[in-house]
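Atoms within a ligand are numbered from 1 in the order they appear, just like the ligands themselves.
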Amino acid sequence: MTFLSAAINRIQPSPTIAVTNKAAQLKAAGRDIIGLGAGEPDFDTPDFVKDAAIEAIRAGKTKYTEVDGTPELKTAIQAKFRRDNQLEYGIDQITVNVGGKQTIFNAMLATLDPGDEVVIPAPYWVSYPDIVLFAGATPVIVPCSIDEGFKLTPAKLDAAITPKTKWLIFNSPSNPTGAAYTRDELKALAEVLVRHPQVYICADDMYEHIVYDDFEFTTLAQVEPALYDRTLTVNGASKAYAMTGWRIGFAGGPVPLIKAIAKIQSQSTSNPCSIAQAAVTAALNGDQSFLIERNAAFQRRRDLVVSMLNQTPGLRCPTPDGAFYVYPDCAGLIGKRKPDGGTLADDEAVAAYFLDSEGVAVVHGAAFGGSPAFRISYATSEANLEEACTRIQRAVGALV
Ligand code: PLP
């Protein structure tokens, strides 16, 4: 349709949201569906956070706030960066946005021009390339294989950078693979980045708090202070605090970038919800011990799913260090015939087959730039996961 802009025609609707919606529709139509597509914790927002929101409403915190965050929330974020990441940010170096998605969207829109390149390791979070495309720039996708632990190597990073590279978008722990980089791995990547001063780094730390087996989370600006001045350290409340619906993301970074992000926000959404900001202030300032219990539950689920998938012929599932996703390789299923006669040509067909035959909704790897594979979100009960994996095993067993 010619009425629509060139920018809108460059992007697709989010495929993970599409799978979640399709699963919900089938469920509403009466089918027995287990949805493993959604990227959100099944846990509820902690009660002390809800109470803070209710209190904020009663106290009349129902008006516009400062465009990019209240002073109270920015102060809580400042303390969080200091406590968790040993990063010192001034209040004027902090921005609060309508989810981490908007943080990244605003940052890219504020900095990218046609011809600019953005390095994105794959498998990637679905929105990165489309945000870059919407901004008119060029995503440079760097495939990272299962045998590399789905991680970017310094050599591959070096090879992907050109004089036109403006950003590296870096995500650890990763959505969709759960891969998390150690301090040494970050150091090795940082050595490359130090040699390319034109490159800014968007460190998407959204899954910082969801790590397993004593994995120690670190972030790029922390392990290499020389990168501090050109790193946007992005985080948010959605995953750690089970607050996906509240829509609060935030970042720390260089003042001119933070100001530019606020400028876009001032002409688009204005401030994030005042009540949600009060709730996240409480979440960040409050007792963090509930995270330990939740991570223990996630870890039990991860172990269950990895074990059951690896007992399925044709699937190969690494054990991730973080987030709540697994990313099994399904090369062994491609080319197999379904009981009804059709052939599984690619991972999209594999995902469709699981949904049609057994009512299990997963997201195909092509959506994340890493095929053939699929993503399972294990943010659901062990009973659901056991049933879903049993169904996947049955579906795979029926292939010829
Ligand atoms: N970054 C990653 C890697 C994510 O997986 C998500 C959510 O799925 C986000 C950022 C954005 O989260 P939100 O906009 O809910 O803060």
Query raised in the report: Does the side chain of T95 come under 3.5 Å of the side chain of N97 through a donor N or O and an acceptor N or O?
Result: yes
Query raised in the report: Which of the listed options, G39, S238, S377, holds the heavy atom that is closest to atom 15 (O) of ligand 1?
Result: S238
**Report entry** Nearest non-hydrogen protein atom, atom 10 (C) of ligand 1
**Finding:** D204 OD2, 3.4 Å
Query raised in the report: Does N171 come within less than 4.0 angstrom of ligand 1, counting non-hydrogen atoms of the residue?
Result: yes
Query raised in the report: Is the NZ or CZ atom of K239 both under 6.0 Å from the centre of the six-membered ring of F324 and within 45° of that ring's axis?
Result: no
Query raised in the report: Using a heavy-atom cut-off of under 4.0 Å, does the side chain or the backbone of Y128 touch ligand 1, or both, or neither?
Result: side chain
Report summary line: Note: M206, heavy atoms under 4.0 Å from ligand 1, region reported as side chain
Query raised in the report: Does a side chain donor of either E40 or S238 reach within less than 3.5 Å of an acceptor in the other side chain?
Result: no
Requested in this report: Please list, chain by chain and in numerical order, all residues satisfying side-chain contact (heavy atoms from CB on, under 4.5 Å) with P143, sequence neighbours excluded.
Outcome: none
Report summary line: The answer for which part of K239 has a heavy atom under 4.0 Å from ligand 1 is side chain
Query raised in the report: Between T244 and ligand 1, does any nitrogen or oxygen pair lie at a separation below 3.5 Å?
Result: no
Requested in this report: Would you kindly specify which portion of Q102 sits under 4.0 Å from ligand 1, judged on non-hydrogen atoms: side chain, backbone, both or neither?
Outcome: neither
Query raised in the report: Side chains of D205 and T219: is there a donor and an acceptor less than 3.5 Å apart?
Result: yes
Query - Nearest-0.5 Å distance, CD of residue E191 to CG of residue L186 - result: 12.0 Å
Query raised in the report: Which distance, rounded to the nearest 0.5 Å, do you find between the CZ of R301 and the CG of N384?
Result: 9.0 Å
Query raised in the report: Going by the angle between their ring planes, with limits at 30° and 60°, are Y207 and Y325 parallel, tilted or perpendicular?
Result: perpendicular
Query raised in the report: Is there a heavy atom in G99 that sits closer than 4.0 Å to ligand 1?
Result: yes
Report summary line: Taking only non-hydrogen atoms of R247 and a 4.0 Å limit, the atoms of ligand 1 in range are 13 (P), 14 (O), 15 (O)
Query raised in the report: Would you say G100 touches ligand 1, if touching means a heavy atom closer than 4.0 Å?
Result: yes
Report task. Name the option, out of W125, F324, F105, W246, that contains the heavy atom nearest to atom 6 (C) of ligand 1. Result -> W125
